[in-house]
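Step one of this worksheet: look at the structure below.
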Amino acid sequence: MRKTILITGATAGFGLACSNRFAEEGWKLIIAGRRGERLEEFKSAHPDVPIHTIVFDVRDRERVEQSIAELPEQFNAIDVLVNNAGLALGLSGSQEADMDDWETMVDTNIKGLLYMTRAILPGMVQRDQGHIINLGSVAGNYPYPGGNVYGGTKAFVKQFSNNLLTDLVKTRIRVTNIEPGLAESEFSIVRFHGDVDKAKQVYQGTKPLTPADIADIVYWVTNVPQHVNINTVEVMPVCQSCGPFLIHREEG
Ligand code: NDP
Ligand code: 8X3
């Protein structure tokens, strides 16, 4: 029997790559995002795959709850939830960062992820089956200049994932936090508010991770034996590593 996966942020990047991968593997897909036309394009391109589309903003709690409550019967037993929708906005220091950018990141990366999780978890617990896969980031583990609130939201995702595991220890539900480093998608275009040239520079001279690399990892963690939980996967491209501590020295 086909399993069911719900992927948020399925219109681009990691979410789109996961949609492709799980469609190829014969799963039923629930794909979500704000750009409905992209979801419909995906659905038309995969006529043999059962696909349900949800056009919503994950920040809209009521709409999230309603969309999950109203899932067609064929799709309402979700085996895997991929909490992927998310974004970074800006790379300014905290003293000058835009408060609206900060709020959008908190509302999307933290609150949106919570709305999704809270809407879907009771069904998983009732069936005593399921897997929640969160998209964290290396930014939740290591600081970098300008990472301030984005990194903070991903640190939240990390700790929330750990705490979910403790709440669910008496169930068979699995929780995995995937923490990628440099990966090329629409991520930097969004971070720089549509400045494509600036976004390109982020990847210049590098061989970054691809969305397909992340989809491979998502597929792998869902396919380990049922008694195995991959808690965390931290992954960087070979060209990336951590920097030294910053030390500011006074002149003279
Ligand atoms: P993309 O910008 O390519 O894709 C982001 C997806 O999230 C889009 O499908 C977008 O869909 C969706 N999304 C954003 N905001 C909302 C919202 N408010 N409501 C619903 N959907 C939303 O980025 P990536 O694929 O790279 O990023 C996916 C996740 O991975 C994010 O959580 C990101 O933080 C994380 N990540 C990315 C890394 C990278 O370097 N690329 C590294 C580590 C983690 P739409 O606009 O149609 O709503
Ligand atoms: C995305 C990776 O290094 O741009 O989460 O924060 S990074």
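The basis for the numbers below is simple: all heavy atoms, side chains too, and nothing from hydrogens, waters or symmetry mates. Keep in mind that this is a model prediction, so the values were computed, not measured. Read the numbers this way: they start at 1 and go in the same order the structure lists the ligands and their atoms.
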Nearest-contact summary for [atom] - protein heavy atom, Å:
atom	result
atom 4 (O) of ligand 1	Ala12 CB, 3.9 Å
atom 28 (C) of ligand 1	Asn84 OD1, 3.0 Å
atom 18 (N) of ligand 1	Asp57 OD1, 2.9 Å
atom 26 (O) of ligand 1	Ser185 OG, 2.5 Å
atom 12 (C) of ligand 1	Gly9 CA, 3.5 Å
atom 2 (C) of ligand 2	Ser137 OG, 3.8 Å
atom 38 (C) of ligand 1	Phe14 CZ, 3.6 Å
atom 3 (O) of ligand 2	Tyr144 CE2, 3.8 Å
atom 19 (N) of ligand 1	Val58 N, 2.9 Å
atom 22 (C) of ligand 1	Ala85 CB, 3.7 Å

Please could you name the atoms of ligand 1 that [X] approaches to less than 4.0 Å, counting only its heavy atoms?
X	answer
Thr11	8 (C), 9 (O), 10 (C), 11 (O), 45 (P), 47 (O)
Arg59	18 (N)
Phe56	19 (N), 20 (C)
Gly13	3 (O), 25 (O)
Gly181	40 (O), 42 (C)

Quiz item: cation-pi between Arg21 and Tyr219, 6.0 Å / 45°: yes

Atom of Cys18, atom of Val218 and distance for their closest heavy-atom approach: SG-CG2, 3.8 Å

Closest non-hydrogen atom pair between Ile5 and Trp27, with its separation: CB-CE3, 3.7 Å

If we ignore hydrogens and angles and just use 3.5 Å, is the side chain of [X] paired with the main-chain N or O of [Y] as donor and acceptor?
X	Y	result
Tyr203	Ala183	yes
Asp107	Arg59	no
Asp128	Thr171	no
Lys43	Val49	no
Thr210	Asp213	yes
Arg127	Gly123	yes
Asn109	Leu87	yes
Glu186	Ala12	no

Donor-acceptor side-chain pairing of Thr53 and Glu40 below 3.5 angstrom: yes

Thr117 versus Asn83, side-chain donor and acceptor atoms under 3.5 Å: yes

Among [options], which one has a heavy atom closest to [atom]?
atom	options	result
atom 5 (C) of ligand 1	Pro180, Gly86, Ser188	Gly86
atom 46 (O) of ligand 1	Arg34, Met105, Glu37, Arg63	Arg34
atom 44 (C) of ligand 1	Ala10, Gly136, Ala183, Gly15	Gly136
atom 4 (O) of ligand 2	Met236, Glu179, Arg191	Arg191

Does [X] come within less than 4.0 Å of ligand 1, judged by its heavy atoms?
X	value
Glu179	no
Thr8	no
Ala139	no

Residue part near ligand 1, for [X], under 4.0 Å between non-hydrogen atoms:
X	answer
Thr108	side chain
Lys154	side chain
Tyr150	side chain

Atoms in ligand 2 with a heavy atom of Tyr150 nearer than 4.0 Å: 1 (C), 5 (O), 6 (O)

Atoms in ligand 2 with a heavy atom of Ala139 nearer than 4.0 Å: 6 (O)

Ring-ring centroid check Phe56 Tyr115, cutoff 6.0 Å: no

Option among Asn141, Asn177, Asn134 that satisfies the side chain to side chain donor-acceptor pair (under 3.5 Å) test with Lys158: Asn141

Ligand 1 to Ser137 polar contact by distance, N or O atoms, under 3.5 Å: no

Heteroatom proximity flag, Tyr203 to ligand 1, N/O under 3.5 Å: no

More than 12 heavy atoms of other groups within 6.0 Å of Glu37 CD: yes

Nitrogen or oxygen of Gln240 less than 3.5 angstrom from that of ligand 2: no

Close side-chain approach of Arg174 and Gln226, heavy atoms under 4.5 Å: yes

